[in-house]
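Computed from heavy atoms alone, side chains included, the values below leave out hydrogens, waters and symmetry copies.
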Amino acid sequence: MNRRKTVVVRIVIATFILLLISTIASRSIYSMLLPTVTALSSSRGSLSYTSVIDATVIADAESETIAALDSWTIKDVLVSDGDDVKAGDALFQIDMSGYNIQITQLRTQIQQQKNSMNAVEWTGGDRLVKEGELKALELQLSQILNRIPRDGIVCAASAGSVKLLCETGPVASGSPLATISSTNGDISIQWKVSSADVPYYQNKELQFICEYSAINPRSGVYEVISSPIDLIALQLDDEQNMYIATGVPEDLGGLTLNTAVSIKSTRKSPQYDVLVPLSCIGKDSDGRDFILVLREKRTIWGIEKYVEKQIVSVAESNYQYAALKDFGTLTVPIAAYPSRQLNNGESVRVV
């Protein structure tokens, strides 16, 4: 009898242990099959925006146009587009062959006229005629010499940067050959602005930092120089269909026309009661924004987490957070990075 009782007790204990192990294993398997999410928290504060834009260094410039004084033939271009030149530097060489023939002929005629006047003592009206003929020849020579550069070389009249407007070959009288732009030292910076960002510029909500690499004139070391920049103009460029912003850095140390510059703009939004990570914002089939908050419920397996869908209205967002409007406060965690698409009320495992 005692032996039978012992066997029964052992069977009961074994069955209990087996059921316990099966329950634990089932719970573990069930939990492993649940979709996973990451629990994130909301916060209160403002959004910050930062963008980096390539900019161009410009300077107030005076421009001089070099033009053909006659119907010339450009024989050679002696500079390249963008070259810096000094006053007197050679720019072009023109074909002088036709002019040289005319000049030689006129000088010969002038000398012959002078010899003729000196050989005979012309008096009265005859001398006046000879003098008039001589003056006409000299005027004709002077006009030709005034229409050509000395030795056929067109030179720069001032220092600056060259912009070529012609190539070798014939050019008409008055045709522009090149421009020479010289700066007066007043440097500013320009960059492009999209139409979406214009209101922030107009409302003066942005702060700008100019950054460039140069030799710091104070230390003599090549380094990245940062300087606040004041916005002085914002104009629409019809050709590019973009707005152009112009600003002046507070520190111009080491900044030249050839310096590569970037503009870092920063802006802060108004204060919001609820900021949620952007990864927590979803969009349903109706195009509405929503978040999934994490709730708890009691089941046969114990306390479980599940998601509850809440429709939200996003006031604005940056690359990291979204600000919710008319939402009140949010004290429970939010589900993010689900392993698959979740349904409202579905149980999840938080990892």
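Scanning both residues, Ala68 and Ala172, for their nearest heavy atoms gives CB-O, 3.6 Å. Scanning all heavy atoms of the two residues, the minimum distance from Ile189 to Ala55 falls at CG2-CB, 3.4 Å. For the pair Ala245 and Leu231, the tightest heavy-atom approach, listed with the atom from each and the gap, is CB-CD1, 3.8 Å. The minimum heavy-atom distance linking Arg147 with Asp70 is given by the pair NE-OD2, 3.0 Å. In this structure, Cys155 and Gly88 approach most closely via the heavy-atom pair SG-O, 3.6 Å. Contact detail for Leu234 and Gln202: the closest heavy-atom pair is CD2-CG, 4.4 Å.
Within a 6.0 Å sphere centred on NZ of Lys309, heavy atoms belonging to other residues, nucleotides or ligands number more than 12.
When atom types are taken as modelled, the side chain of Asp76 and the backbone of Leu78 share no donor-acceptor pair closer than 3.5 angstrom. Side chain of Thr108 to main chain of Thr104: a donor-acceptor pair is present (N/O by atom type, distance under 3.5 Å, no hydrogens or angles). Under the 3.5 Å distance criterion, the side-chain polar atoms of Ser227 are left unmatched by any main-chain donor or acceptor of Cys210.
Other residues sharing a hydrophobic cluster with Val314 under the 4.5 Å side-chain heavy-atom criterion for ILVMFWY residues are Val274, Val276, Ile281, Ile291, Val293, Val312, Leu324, Phe327, Leu330, Val332, Ile334. Apart from Val37 itself, the hydrophobic cluster it occupies contains Phe290, Leu292, Leu294, Val307, Ile311, Leu342, Val348, Val350, where clustering links Ile, Leu, Val, Met, Phe, Trp and Tyr at side-chain heavy-atom distances under 4.5 Å.
Side chains of Asp89 and Asp83 form no contact here, defined as non-hydrogen atoms less than 4.5 Å apart. Within the 4.5 Å cutoff, the side chain of Tyr337 has heavy atoms near those of the Leu40 side chain. With contacts defined as side-chain heavy-atom distances shorter than 4.5 Å, the pair Val193/Met242 does not qualify. Between Ile74 and Glu167 there is no side-chain heavy-atom pair separated by less than 4.5 Å. Considering only heavy atoms from C-beta on, Phe208 stays 4.5 Å or farther from Ile53 through its side chain. Two residues are said to be in side-chain contact when any heavy atoms from C-beta on lie closer than 4.5 Å; Leu69 and Ile148 fail this criterion. Using a 4.5 Å heavy-atom threshold, the side chains of Tyr212 and Val57 count as separate. Counting heavy atoms from C-beta on, the side chains of Gln109 and Gln140 never come closer than 4.5 Å.
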Kindly indicate, with the supporting measurements, whether the criterion side-chain contact (heavy atoms from CB on, under 4.5 Å) is fulfilled by Val261 and Glu211.
CA-CA 6 Å; Val261 177; Glu211 291 187 347; over 6 Å; no
Working for side-chain contact (heavy atoms from CB on, under 4.5 Å), residues Glu308 and Asn344
CA-CA 5 Å; Glu308 179 182 276; Asn344 187 29; 4.3 Å; yes
Could you walk me through whether Ile303 and Lys297 satisfy the side-chain contact (heavy atoms from CB on, under 4.5 Å) test, starting with their C-alpha distance in whole Å, then the side-chain angles of each, then the deciding distance to 0.1 Å, before giving a yes or no?
CA-CA 6 Å; Ile303 302 298; Lys297 62 181 178 180; over 6 Å; no
side-chain contact (heavy atoms from CB on, under 4.5 Å) between Glu296 and Lys305: does it pass, once the steps are laid out?
CA-CA 5 Å; Glu296 291 183 348; Lys305 302 282 189 183; 2.8 Å; yes
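One finds the CG atom of Asn318 at 10.0 Å from the OG atom of Ser46 (value rounded to the nearest 0.5 Å). The OG1 atom of Thr73 sits 8.0 Å away from atom OH of Tyr99, with the distance rounded to the nearest 0.5 Å. In this structure, CG in Leu278 is found 10.5 Å from OH in Tyr321, a value given to the nearest 0.5 Å. Atoms OG1 and CD, on Thr266 and Gln207 in that order, are 4.5 Å from each other to the nearest 0.5 Å. Rounding to the nearest 0.5 angstrom, the gap separating the NZ atom in Lys325 from the CG atom in Asp273 is 14.0 Å. Rounding to the nearest 0.5 Å gives a distance of 10.0 Å between CG of Asp84 and NZ of Lys86.
Follow the hydrophobic side-chain contacts under 4.5 Å out from Tyr200 and you reach Ile263 in the same cluster. The hydrophobic cluster containing Val198 also contains Trp191, counting ILVMFWY residues as joined when their side-chain heavy atoms lie under 4.5 angstrom apart, directly or transitively. One hydrophobic cluster, built from ILVMFWY side chains closer than 4.5 Å, cannot hold both Leu47 and Tyr201; they sit in different ones. Put simply, Val85 and Ile153 are part of two different groups of oily side chains (I, L, V, M, F, W, Y) that touch within less than 4.5 Å, one to the next. In the hydrophobic clustering of this structure, Leu177 groups with Val77; members are Ile, Leu, Val, Met, Phe, Trp, Tyr whose side-chain heavy atoms approach within less than 4.5 Å, directly or through other members.
Applying the side chain to side chain donor-acceptor pair (under 3.5 Å) test to residues at least two apart or on different chains, the pairs with a partner in residues 47-56 are Tyr49-Glu316, Ser51-Ser265.
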